[in-house]
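Notes follow once the structure below has been shown.
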Amino acid sequence: MLPITGLERDERGLWHLFAGEALPSGNVTLEVEPAFRALMCELHTLAHVVNALVYTQFGGALLTGAQLNADATFRVDFDLPGADNDTLRALEAPLNEVIRRDLPVSSIFMPHDEAQAVPGLFRSKAVAPPAGEDGLVRIVEILDLDRQACGGTHLASTGRARPARIVKIDNKGRQNRRIKVAV
Ligand SMILES: [Zn+2]
């Protein structure tokens, strides 16, 4: 079995990429590793929560990078010049409050141009989820907390995540703050 290292889309379809030189022939079976998938759902959903808290508390600050890790940690980078690191560290309490409240997570599809007209739906400074072939973009909502365009995998509600800890705040240059979180 070969681990998939990435996805690519072109006019011929969606490509699953793996490292190395093996040449597949005949039928290829793809398997999702349930435990890893569940962990990514958990970390990614919590990344939404941190994103929502930063966005509302720091005047619409945008995401500049994110990484989910197999060791049950993740980091999110924000364009936050001059932000006080203690204030960022203090987001741990509202983050766990959102987990405790067990807010439902749902998604809808809406026309891409309509979504672009709604302030705050696109949160990343560099990349935006593209419209599908049908011209629609997926909007993920955490009830009472957050709505944003996203094509990722999420928990059904925030209470399915384990309690989380903000383990580190790093300054990445003058503009960026990196928040590292562990569950
Ligand atoms: Zn997402």
Between the side chain of [X] and the main-chain N/O of [Y], is any donor-acceptor distance below 3.5 Å?
X: Asp84; Y: Thr87; answer: yes
X: Asp170; Y: Lys172; answer: no
X: Asp10; Y: Arg12; answer: yes

A side-chain contact here means heavy atoms from C-beta on lying under 4.5 Å apart; do [X] and [Y] qualify?
X: Leu80; Y: Val54; value: yes
X: Asp146; Y: Glu141; value: no
X: Leu91; Y: Arg89; value: no
X: Asn96; Y: Arg100; value: no

Under 3.5 Å, which donor-acceptor pairs do the side chains of residues 101-122 form with other protein atoms, sequence neighbours left out?
residue: Asp102; atom: OD1; partner: Ser157; partner atom: OG; Å: 2.5
residue: Asp102; atom: OD1; partner: Gly159; partner atom: N; Å: 2.8
residue: His112; atom: NE2; partner: Pro129; partner atom: O; Å: 3.2

Taking [Y] as the starting point, is it possible to reach [X] by hopping between hydrophobic residues whose side chains are less than 4.5 Å apart?
X: Val140; Y: Leu136; value: no
X: Leu62; Y: Ile142; value: no
X: Val50; Y: Leu155; value: no
X: Leu53; Y: Phe58; value: yes
X: Val76; Y: Val183; value: yes

Quiz item: With sequence neighbours left out, which residue pairs that include part of residues 138-163 fulfil the ring-ring contact (aromatic ring centres under 6.0 Å, His included) condition?
Solution: His44-His154, His48-His154
Quiz item: Is there any ring-ring contact (aromatic ring centres under 6.0 Å, His included) pair reaching into residues 163-183, and which pairs are they, with sequence neighbours excluded?
Solution: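 Of all non-adjacent pairs touching residues 163-183, none passes ring-ring contact (aromatic ring centres under 6.0 Å, His included).
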Exercise. Kindly give the heavy-atom pair with the smallest separation between Thr73 and Ala182, and that separation in Å.
Key: CG2-CB, 3.9 Å
Quiz item: For the residue pair Ile99 and Pro163, what are the closest heavy atoms and their distance?
Solution: CD1-CA, 4.2 Å
Quiz item: Quick one: OG1 on Thr158 to CZ on Arg160, what's the gap to the nearest 0.5 Å?
Solution: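 If I round to the nearest 0.5 Å, the distance is 10.0 Å.
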Practice problem: Identify, with sequence neighbours excluded, every residue that meets salt bridge (Lys or Arg N to Asp or Glu O under 4.0 Å) alongside Arg165. | Solution: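 Expected list: none.
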Quiz: residues 174-181 side-chain donor-acceptor pairs under 3.5 angstrom, not counting sequence neighbours:
residue: Asn176; atom: OD1; partner: Thr64; partner atom: OG1; Å: 2.9
residue: Arg177; atom: NE; partner: Asn85; partner atom: OD1; Å: 3.2
residue: Arg177; atom: NE; partner: Asn171; partner atom: OD1; Å: 3.2
residue: Arg178; atom: NE; partner: Asp77; partner atom: OD1; Å: 2.8
residue: Arg178; atom: NE; partner: Asp77; partner atom: OD2; Å: 3.4
residue: Arg178; atom: NH2; partner: Asp77; partner atom: OD2; Å: 2.9

For residues 34-43, tabulate all N or O donor-acceptor pairs below 3.5 Å that involve a side-chain atom, not counting sequence neighbours.
residue: Glu42; atom: OE1; partner: Arg162; partner atom: NE; Å: 3.4
residue: Glu42; atom: OE1; partner: Arg162; partner atom: NH2; Å: 2.8
residue: Glu42; atom: OE2; partner: Arg162; partner atom: N; Å: 2.7
residue: Glu42; atom: OE2; partner: Arg162; partner atom: NE; Å: 3.0

